[in-house]
Amino acid sequence: MSHTTTVMSEARDQEKFYTVYRGRQSAIFHIAYMRTCKVMAAQLLLQRNGIALKDIEVMDYGFGTGTFFRACDTSCHIAGVEVDEVNVQQVRHMLAERGHDVRDIAVLDVETWEDHPLLADDKQYDVLLLSHVLEHLDEPVHVMRRLSRNLKPNGVLAGLLPVNEIIKDPNHKWVCDRKLVDRWVADAGMELVDYTEMDHYVYWILPVYHMKGRFGRMMAQGVSLFLGILQMPFSPKAWFTLGRGLRIIGAKPAQIGFLAKRRA
């Protein structure tokens with residue numbers, strides 16, 4: 001097992017992963033802001049660059065609860081990998097009920113992740129999403145370089161990362177910022193297409209998600225559901241633009257979004 005693979009296993013092999021994702025496929029959980037904020041961040045990034053989630057090949061590497069796929073039109077060919085077999089089956093069932101072809105929603109064996117059939121050289125994607133994955137890895141550059149082989153000539157790797165964390169997540173290996181993203185992209189042999197920082201809403205409420213015990217979980221779920229319902233009428237651009245107004249009370253962006261492509 002490579003060092004990178006070991007870290008991927010450590011990052012995902014946590015009780016939190018199983019308790020947060022398994023069995024959480026009802027609509028109310030998909031409305032929760034700690035899911036939708038990541039989906040909207042990815043949508044904003046793609047929309048800024050004229051990429052619609054229709055009639056394209058999409059890979060979500062580490063898809064979690066599958067919420068991003070719910071934003072993809074059924075005309076998309078979707079593919080994705082995750083480590084928990086129970087969760088993968090639940091996501092497959094949810095997506096199939098929504099009319100998606102789920103043949104390429106698959107379990108990832110972390111010991112042989114680079115040899116996964118969905119990452120074979122003949123598998124090429126228009127969009128390859130890494131949503132809050134890279135910060136967990138000791139060698140994110142290696143992962144980006146390897147996955148760049150699966151991009152179409154005009155395909156993009158879309159990355160989401162945390163930034164300005166008030167409370168450091170012990171599972172995060174990196175303190176993310178623009179300089180770090182620039183370095184990762186360059187070292188992976190890629191070219192940065194877009195970079196943005198967004199989501200001021202999470203900055204002040206993030207400590208709630210670190211509260212312990214039953215009361216802490218209830219608080220986190222309540223806040224997440226409230227914000228998720230609140231954002232529903234807004235487009236990603238309108239929502240995150242509105243959130244910038246929170247700078248007057250000291251809020252900072254909580255997510256980084258970037259697009260990279262293979263260097264010509």
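Numbering starts at 1 and runs along the sequence shown.
- A donor-acceptor contact shorter than 3.5 Å is absent between the side chain of Asp73 and the backbone of Cys76.
- A donor-acceptor contact shorter than 3.5 Å is absent between the side chain of Thr36 and the backbone of Gly228.
- Within the 4.5 Å cutoff, the side chain of Tyr195 has no heavy atoms near those of the Asp182 side chain.
- Side-chain atoms of Glu97 and His93 include a donor-acceptor pair closer than 3.5 Å.
- Looking only at distances, no side-chain donor or acceptor of Arg178 sits under 3.5 Å from a matching main-chain atom of Glu197.
- Put simply, the side chain of Asn150 gets close to the backbone of Ala120: a donor and an acceptor are under 3.5 Å apart.
- The two residues Val39 and Ala71 make their nearest non-hydrogen contact at CG1-CB, 3.8 Å.
- The shortest distance between side-chain heavy atoms of Leu45 and Ile51 does not fall below 4.5 Å.
- Of all non-hydrogen atoms in Gly66 and Leu95, the two that sit nearest each other are O-CD2, 4.4 Å.
- Contact annotation: the side chain of Ile31 approaches that of Leu225 to within less than 4.5 Å [non-hydrogen atoms, C-beta and beyond].
- In this structure, Val185 and Met144 have side chains that are in contact, with non-hydrogen atoms separated by less than 4.5 Å.
- Met190 and Leu157 get closest at one heavy-atom pair: CE-CB, 4.0 Å.
- Looking only at side-chain heavy atoms (C-beta outward), Tyr33 and Asp199 come within less than 4.5 Å of each other.
- Open room surrounds NZ on Lys252; 12 or fewer heavy atoms of other groups in view lie less than 6.0 Å from it.
- A side-chain contact (heavy atoms from CB on, under 4.5 Å) with Pro162 is found for exactly one of His132, Gln255, Lys168, namely His132.
- Under a 3.5 Å cut-off, the side chain of Gln43 and the backbone N or O of Ala52 do not form any donor-acceptor pair.
- With a 4.5 Å cut-off on side-chain heavy atoms, Leu137 and His142 do not count as touching.
- Between Leu161 and Trp174 the shortest side-chain heavy-atom distance does not fall below 4.5 Å.
- Glu85 places no side-chain N or O within 3.5 Å of a backbone atom of Glu82 that could act as its donor or acceptor partner.
- Residue Leu128 comes nearest to Leu147 through the heavy atom pair CD1-O, 3.7 Å, listed as atom of the first residue, atom of the second, then distance.
- Judged as a side chain to side chain donor-acceptor pair (under 3.5 Å), and not counting sequence neighbours, the contacts of Asp194 are Arg48, Asn49.
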